[in-house]
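First listed ligand is number 1; within each ligand, the first listed atom is number 1.
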Amino acid sequence: RAKKNGRNGYCFFTAEMQARTARHMRIVGALRQALRLAQLAVHYQPQFAARDGRIVGAEALLRWQHPELGTVSPAEFIPAAEESGLILELGEWVLRTAVRQAKDWMDAGMAPLVMAVNLSAVQFRHPNLPDLVRAILREVGLAPEYLELELTESGAMQDPPSAIAVMNKLREQGVRMSIDDFGTGYSSLSYLKKFKVYKLKIDQSFVRDISTDPEDKAIVVAIINMAKGLGLQTIAEGVETPAQLEFLRQQGCDEMQGYHYSRPLPAAQFEAFARARCGKIFSLA
Ligand code: C2E
Ligand code: MG
Ligand code: MG
Ligand code: MG
């Protein structure tokens, strides 16, 4: 990205960039240690059916609290982990943790839900991914239809032919694929047809002002209708208000996720939340 800023492909290495690189390196070192010391946690944000408000899924989101750096946002440490290659180890850990959690919840009698896990484009490019996913599902004993893998639209567009090949392999295994942050990644519509994903996640930047901004409204309506035409499910991210929810529901968006319902929660709190919302569905816990 830096390259594009300079004329003729040149750019200056500014003090600001130098500071950013130093922080990146510090983060990567600390992250490597956090992985070893089990200082990372996965939180789970519930996803809801628009039709009846039932919890139908959970998105696994990585959390990191460092003793000195404090809470580091994944928006900062994921890119650092990607650049350093540490994302492969980190991503495998998140995948295994989330799949185990889904299995534990089901064994405890929670109504079945689909566990959605974010994949970095770096993980997605790795030729071993389909085998790794299969091995983890088998090791844990979770049926593949309870796992959904999220890839951002920009991640999918880095190398569309190879993304199509990997998505097909995962789909053949019975795992669902969704496109995250949809609408922000410049995918051509012809690729969208070839990706054959299960679900589009409408980016929260379009949802934010949906009640007031006619252009965001138009974009969201277009995404939902296109998805319907292509036989894809839709979920809206970042739903914070009843007005947003009502609009999305009226337009036929299938699922909702956002602070209006719940923030991402530690596993124990997710359980309590699910139990309070649909106690009767919990048979054992
Ligand atoms: P994402 O996958 O698009 O996740 C949605 C982000 O929106 C999460 O931020 C979530 O906490 C936040 N969010 C949810 N509901 C609302 C809402 O109503 N309002 C607002 N303003 N925000 C909401 P988070 O957890 O900070 O994660 C940021 C990004 O970091 C994620 O975006 C994802 O791209 C990445 N990420 C997080 N965990 C992982 C991971 O395990 N692996 C990979 N590769 N990426 C991850
Ligand atoms: Mg996501
Ligand atoms: Mg997103
Ligand atoms: Mg995002």
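The nearest non-hydrogen atom to atom 21 (N) of ligand 1, considering only Glu150, Glu240, Glu82, comes from Glu240. Of the candidates Arg63, Lys201, His43, the one placing a heavy atom closest to atom 25 (O) of ligand 1 is Arg63.
Electrostatic pairing of Arg134 and Glu172 does not count as a salt bridge here, judged by no charged N lying under 4.0 Å from a carboxylate O. Note on Glu148 versus Lys201: no salt bridge recorded, every NZ/NE/NH1/NH2 to OD/OE distance being 4.0 Å or above.
Residue Glu89 qualifies as open at atom CD: its count of foreign heavy atoms under 6.0 Å is 12 or below. Counting heavy atoms of neighbouring residues, nucleotides and ligands inside a 6.0 Å radius, atom CE of Met226 exceeds 12 of them.
For ligand 1, the atoms closer than 4.0 angstrom to any heavy atom of Gly258 are 15 (N), 18 (O). Near Asp180, meaning under 4.0 Å from one of its heavy atoms, ligand 1 places the atoms 1 (P), 2 (O), 3 (O). Interface of Leu119 with ligand 1, defined as ligand atoms under 4.0 Å from a residue heavy atom, comprises 44 (N). Close approach of ligand 1 to Val239 (heavy-atom distance below 4.0 Å) involves ligand atoms 18 (O). Shown in contact with Leu62 at under 4.0 Å from a heavy atom are these atoms of ligand 1, numbered in order with element: 38 (N), 41 (O).
Between the side chain of Gln244 and the backbone N or O of Glu240 there is at least one donor-acceptor pair closer than 3.5 Å. Arg249 places a side-chain N or O within 3.5 Å of a backbone atom of Ala50 that can act as its donor or acceptor partner. Looking only at distances, no side-chain donor or acceptor of Asp216 sits under 3.5 Å from a matching main-chain atom of Ile210. In this structure a side-chain-to-backbone donor-acceptor pair under 3.5 Å is missing from Gln39 to Trp64. Side chain of Gln123 to backbone of Ser120: a donor-acceptor contact under 3.5 angstrom is found.
Angle OE1 (Glu150) to the Mg ion (ligand 2) to OD1 (Asn118): 80°, rounded to 10°.
With a heavy-atom cut-off of 4.0 Å, Gln45 touches ligand 1 through its side chain alone. Residue contacts with ligand 1 for Gln257 are absent, since no atom lies close enough (heavy atoms, distance under 4.0 Å). Residue contacts with ligand 1 for Ser120 involve both N, CA, C or O and side-chain atoms from C-beta outward (heavy atoms, distance under 4.0 Å). Contacts of Glu237 with ligand 1, taken as heavy-atom pairs under 4.0 Å, involve the side chain alone. Contacts of Asn118 with ligand 1, taken as heavy-atom pairs under 4.0 Å, involve both backbone and side chain. In Val94, the part holding a heavy atom less than 4.0 Å from any atom of ligand 1 is the side chain. Proximity of Asp181 to ligand 1, defined as any heavy-atom pair under 4.0 Å, is confined to the side chain (atoms from C-beta onward).
Side-chain contact check for Glu59 and Asn118: at least one donor-acceptor pair (N or O, by modelled atom type) lies under 3.5 Å. The closest side-chain donor-acceptor pair between Arg125 and Gln158 falls under 3.5 angstrom. Inspection of the Gln257 and Gln47 side chains reveals an N or O donor paired with an N or O acceptor under 3.5 Å. In summary, the side chains of His24 and Glu83 do present a donor paired with an acceptor at a separation below 3.5 Å, with no hydrogens or angles considered.
The closest approach of Glu59 to the Mg ion (ligand 2), by N/O/S atoms, is made by OE2.
Note on ligand 1: Pro264 sits in its first shell, one or more heavy atoms being nearer than 4.0 Å.
At a threshold of 2.8 Å, the Mg ion (ligand 3) has a backbone or side-chain N, O or S atom of Asp181 nearer than that distance. Among the backbone and side-chain atoms of Asp180, an N, O or S atom lies under 2.8 Å from the Mg ion (ligand 3).
For ligand 1, the polar-atom distance check against His260 finds no nitrogen or oxygen pair separated by under 3.5 Å. Not a single N or O atom of Ser73, backbone or side chain, sits closer than 3.5 Å to an N or O atom of ligand 1. Here's the thing with Thr152: none of its N/O atoms is less than 3.5 angstrom from an N/O atom of ligand 1.
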